[in-house]
Number of protein chains: 4
Amino acid sequence: MQAKAKTFTESARRAQIVAAAIETIAELGYTRASFARIAKQAKLSSTGLISYHFANKEELVRTVLEDVFREIGAFMAERMSEPASASEALRTYLEANLEFAAAQPTRMRALLNIFLGGALDYDPANERAALEPVERILRWGQESGEFREFDVHVMATTIRRSVEGPVFLLAGTPEPDLTAYAAELVTLFDLATRRQ
Amino acid sequence: MQAKAKTFTESARRAQIVAAAIETIAELGYTRASFARIAKQAKLSSTGLISYHFANKEELVRTVLEDVFREIGAFMAERMSEPASASEALRTYLEANLEFAAAQPTRMRALLNIFLGGALDYDPANERAALEPVERILRWGQESGEFREFDVHVMATTIRRSVEGPVFLLAGTPEPDLTAYAAELVTLFDLATRRQ
Amino acid sequence: MQAKAKTFTESARRAQIVAAAIETIAELGYTRASFARIAKQAKLSSTGLISYHFANKEELVRTVLEDVFREIGAFMAERMSEPASASEALRTYLEANLEFAAAQPTRMRALLNIFLGGALDYDPANERAALEPVERILRWGQESGEFREFDVHVMATTIRRSVEGPVFLLAGTPEPDLTAYAAELVTLFDLATRRQ
Amino acid sequence: MQAKAKTFTESARRAQIVAAAIETIAELGYTRASFARIAKQAKLSSTGLISYHFANKEELVRTVLEDVFREIGAFMAERMSEPASASEALRTYLEANLEFAAAQPTRMRALLNIFLGGALDYDPANERAALEPVERILRWGQESGEFREFDVHVMATTIRRSVEGPVFLLAGTPEPDLTAYAAELVTLFDLATRRQ
DNA sequence: TATGAATGAGCCTTCATTCAT
DNA sequence: GATGAATGAAGGCTCATTCAT
């Protein structure tokens, strides 16, 4: 009944399973990431153990998402602390996103594979959650006069998708220059947002 | 090269199956669009009938893609004929894409679900094919002096993804204002690309 | 209703289908010789045509057997005409069988694949029919005093199977020396049968 | 090389499935021995259970073969220990083969149905393995002077097929006299092989 | 006669999940 | 907590056969 308190062992097992799920989903895509394959990746002896720790596949996937989002959140929080201006915040947002993709390509691929692989019935809440920090920056810039008038939702959607773009590059190219990519995006959206 | 001539009946059946597949893939995603569900959608008596008309699932999906691409191609060709300048071409490209998404939301969703849903092992060639028309416009603009210097690939990727953005909105919202959305994108990328 | 009289066209079609079936069964084995593959081999446009000419697969297979048996029978009849003695008849029987296998390897393989491939519920009548000519020779030899006393059925079975032995060699080896093989068998069964 | 250690339960299940497969293959032939029928014979709830214990049908069949070969090997090893001469070895070989067929007719039929039923793409290695013990006896006899000169391969093939001959009889006849059959074969091949 | 189309049963396999131990 | 075992639904696909034209 009690929903929260987990023993240490249980937490460790769940973490191990989640890590294996991320690895597997990143490598094979969501569809092919069956319990059998995740268990093998985690060197678990039975898929039953996954079912034991997670009510069903959906809960496992949800946990994977939470885990990845928490990491991204922590990473972003560190970079984004106390920006002096909205345009600086936007620049940092773009750079930090691509840095994270470069640093954690597996997590990033898993994330995309989940969203793209039909894992979840499309849930607008997820998109709203991802968009919200960007929209906050954009509104800040418009209020401060740094940014021109534009539809915040459209701009935020475009920005969000722009940073997802290079993730797939990471599979093929060994060392794609994400720093340069980030610089291009920074310029692009600086021009697109700033008051003329 | 030349495919065997199809009889009228066969063409009709194939078209019916393809239509049902589009509907089903758009609604459920690629993974859950099983032959059984497609057959039910098409009111067929047996999944065997799908196998009778298509060698395997891959061929069916490929046919779906061809069908959608042909429609998009025809639609775009009509809009894009004889643009006077690169910036006009870019504007038209953005507008036409969103118009098509508004006119054929189901086809558009199916398309994305196939590409994003792990239906195909990720093939850079597909992405290159989608990017190529955009990159041509961008290079034209740079050569003509209309556009500033920027990395064509990054800009093209960002543009391409920006027009995919609103597709999923179409499921929830009955009449999203894609005209306004297009106008925002046009301004956004005009500012981002033009020589200052 | 009328069981026998076939039109010319029908006979030709049936012959064409039977020939294709032999080819296909010889190449792929009975199990994989589906109507679809036989139709392709015969360049027929529809498997329905096979069903039109043959009540079911069993009838087709039975017809194949009759066809092959008729050929073997004709071939053997020519060789075996008027043997001077039982031992000469036996020698000729062995030689003629291997000659036929060398001359018609496809028919021979098809024959074996049918018997071995579970095509027919095992029917002792087939075996009896194959054994009967051999047993006749053997009884002749015993009655004439050329052959010693032995169990005719055992000897006939052994002889029959001995000539089936080399058929599979024909697949792998381009030019197996069936003449030498026949000579060995002739000596073998001469020693095994003759009065000491 | 070393297969993963099986638990007792798993071994028992596998044995049960193998037994059911033997029964089914012997009765219906390889082709008609589907997982569904084997499962029914074994009173299993689902064909999935067979797939759970065996990677695929090929592995099941391979296991059946190993099982039958192990039994035959043990049976033969006992009979064939320390023959005094090649001709005694040959006699024992013939007798032991027919005894085994009499004692284990189901296993024997299954074996033949697998080899003859197109279960395996025809593999000369299998035939060589079956022939090898016979050829060893024959070479021994030729070297010791007991046997006349003859082509060892032809003789071995004929002997091998001669002992397979009566296996199918076992289905129809309740108590075929395989002892008498063996005696006939012993005489036959004694005459055929011995130095005159 | 011949054709293309359709049918529905059956094939092997994979899957998430459950359960006794 | 963890394991191996079992379940039954569902997957894509092939098959022999039937039928309207």
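All chains are named by letter (A, B, ...) in the order of the sequence lines, taking the proteins before the strands, and each is independently numbered beginning at 1.
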Participant: Below the 4.0 Å mark, does F:dG4 have OP1 or OP2 next to a side-chain nitrogen or oxygen of D:His53?
Facilitator: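 Answer is no, no contact under 4.0 Å.
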Participant: Supply the atom-to-atom distance B:Ile22 CD1 to B:Asn113 CG, rounded to the nearest 0.5 angstrom.
Facilitator: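 Result: 12.0 Å between the selected atoms.
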Participant: What nucleic acid atoms does B:Phe35 come within less than 4.0 Å of, heavy atoms only: base, sugar-phosphate, or nothing?
Facilitator: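 The residue B:Phe35 makes sugar-phosphate contact but no base contact.
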Participant: The test is side chain to side chain contact (heavy atoms under 4.5 Å, CB included); show your working for C:Glu66 and C:Val18 and say whether it passes.
Facilitator: CA-CA 10 Å; C:Glu66 284 163 14; C:Val18 165; over 6 Å; no
Participant: Rounded to the nearest Å, what distance is computed from the CD1 atom of residue B:Ile50 to the P atom of nucleotide F:dG11?
Facilitator: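 Distance, rounded to whole Å: 11 Å.
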Participant: Do the non-hydrogen side-chain atoms of A:Ser11 and A:Arg14 ever get within less than 4.5 Å of each other?
Facilitator: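 The answer is no, as the side chains (C-beta and beyond) never meet within the 4.5 Å cut-off.
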Participant: How many whole angstroms separate atom CD1 of D:Ile38 from atom P of E:dT13?
Facilitator: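 That distance rounds to 11 Å.
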Participant: Between B:Ser51 and F:dT14, is there a side-chain N or O to OP1/OP2 distance below 4.0 Å?
Facilitator: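 For F:dT14, neither OP1 nor OP2 has a side-chain N or O of B:Ser51 closer than 4.0 Å.
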Participant: Would you say the side-chain atoms of A:Asn56 pair up with the backbone N or O of A:Glu59, donor to acceptor, closer than 3.5 Å?
Facilitator: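 Side chain of A:Asn56 to backbone of A:Glu59: a pair is present.
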Participant: In terms of the nearest nucleotide of DNA chain E, which residue is placed more toward the 5' end: D:Lys57 or B:Leu44?
Facilitator: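 It is B:Leu44 whose nearest nucleotide is closer to the 5' end.
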Participant: Nearest whole Å is fine: how far is E:dA16 P from D:Leu49 CG?
Facilitator: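 Going from CG in D:Leu49 over to P in E:dA16 covers 18 Å.
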Participant: Can you give me the dot-bracket string for DNA chain E, 5' to 3', counting Watson-Crick and G-U wobble pairs with both distances under 3.5 Å, using [ ] for crossing pairs and | for partners on another strand?
Facilitator: .||||||||||||||||||||
Participant: With respect to the phosphate group of F:dT7, does any side-chain polar atom (N or O) of D:Ser45 fall under 4.0 Å of OP1 or OP2?
Facilitator: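 The answer is yes; a side-chain N or O of D:Ser45 sits under 4.0 Å from OP1 or OP2.
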Participant: Please evaluate the base of F:dA2 for a donor-acceptor partner in the side chain of A:Tyr52 within a cut-off of under 3.5 Å?
Facilitator: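 Counting by modelled atom types and ignoring angles, no donor-acceptor contact under 3.5 Å is found here.
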Participant: For a side chain to side chain contact (heavy atoms under 4.5 Å, CB included) check, start with the C-alpha distance between B:Arg13 and B:Leu44, then their side-chain angles and the critical distance, and finish with the verdict.
Facilitator: CA-CA 10 Å; B:Arg13 252 301 178 246; B:Leu44 301 178; 4.1 Å; yes
Participant: Assign each of B:Ala36 and D:Ser11 to its nearest nucleotide of DNA chain F by heavy atoms, then name whichever residue's nucleotide is nearer the 5' end.
Facilitator: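 Whichever sits nearer the 5' end wins; that is D:Ser11.
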Participant: Which is more 5' along DNA chain E, the nucleotide nearest C:Thr9 or the one nearest A:Arg37? Just name the residue.
Facilitator: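 The residue mapped nearer the 5' terminus is C:Thr9.
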Participant: Could you check D:Thr47 against B:Asn56 and say which one's nearest nucleotide on DNA chain F is further toward the 5' end?
Facilitator: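 It is D:Thr47, whose closest nucleotide lies nearer the 5' terminus.
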Participant: Mind calculating the distance between CD (D:Glu59) and P (E:dC12) to the nearest angstrom?
Facilitator: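 Checked: the CD to P distance equals 15 Å.
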Participant: From D:Thr63 OG1 over to D:Ile17 CD1, what is the distance, rounded to the nearest 0.5 angstrom?
Facilitator: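 With rounding to 0.5 Å, OG1 (D:Thr63) is 10.0 Å from CD1 (D:Ile17).
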Participant: Sequence neighbours excluded, which residues qualify as side-chain hydrogen bond (donor to acceptor under 3.5 Å, both in side chains) partners of D:Ser51?
Facilitator: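 With sequence neighbours excluded, D:Ser51 shows a side-chain hydrogen bond (donor to acceptor under 3.5 Å, both in side chains) to no residue whatsoever.
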Participant: Send over the distance from B:Phe8 CZ to F:dA20 P, rounded to a whole Å.
Facilitator: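 One finds 20 Å between P of F:dA20 and CZ of B:Phe8, rounded.
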Participant: In this structure, how many angstroms lie between the C1' atom of F:dA16 and the CZ atom of C:Arg32, rounded?
Facilitator: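 One finds 19 Å between C1' of F:dA16 and CZ of C:Arg32, rounded.
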Participant: Between F:dA10 and B:Ser34, is there an OP1 or OP2 to side-chain N/O distance shorter than 4.0 Å?
Facilitator: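 No.
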Participant: Can you check whether B:Arg70 reaches B:Asp67 side chain to side chain, under 4.5 Å on heavy atoms?
Facilitator: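 Yes, their side chains come closer than 4.5 Å.
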Participant: Any side-chain N or O of D:Ser46 less than 4.0 Å from the OP1 or OP2 oxygen of F:dA6?
Facilitator: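 So the side chain of D:Ser46 is outside the cut-off, no N or O lying under 4.0 Å from OP1 or OP2 of F:dA6.
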Participant: Less than 4.0 angstrom between a side-chain N/O of B:Arg13 and OP1 or OP2 of E:dA6, yes or no?
Facilitator: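 Yes.
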Participant: Atom CZ of B:Phe54 and atom C1' of E:dA5: how far apart are they, to the nearest Å?
Facilitator: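 Result: 14 Å.
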Participant: Give the rounded distance in Å between these two atoms: OH of D:Tyr30 and P of E:dC11.
Facilitator: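 That distance rounds to 13 Å.
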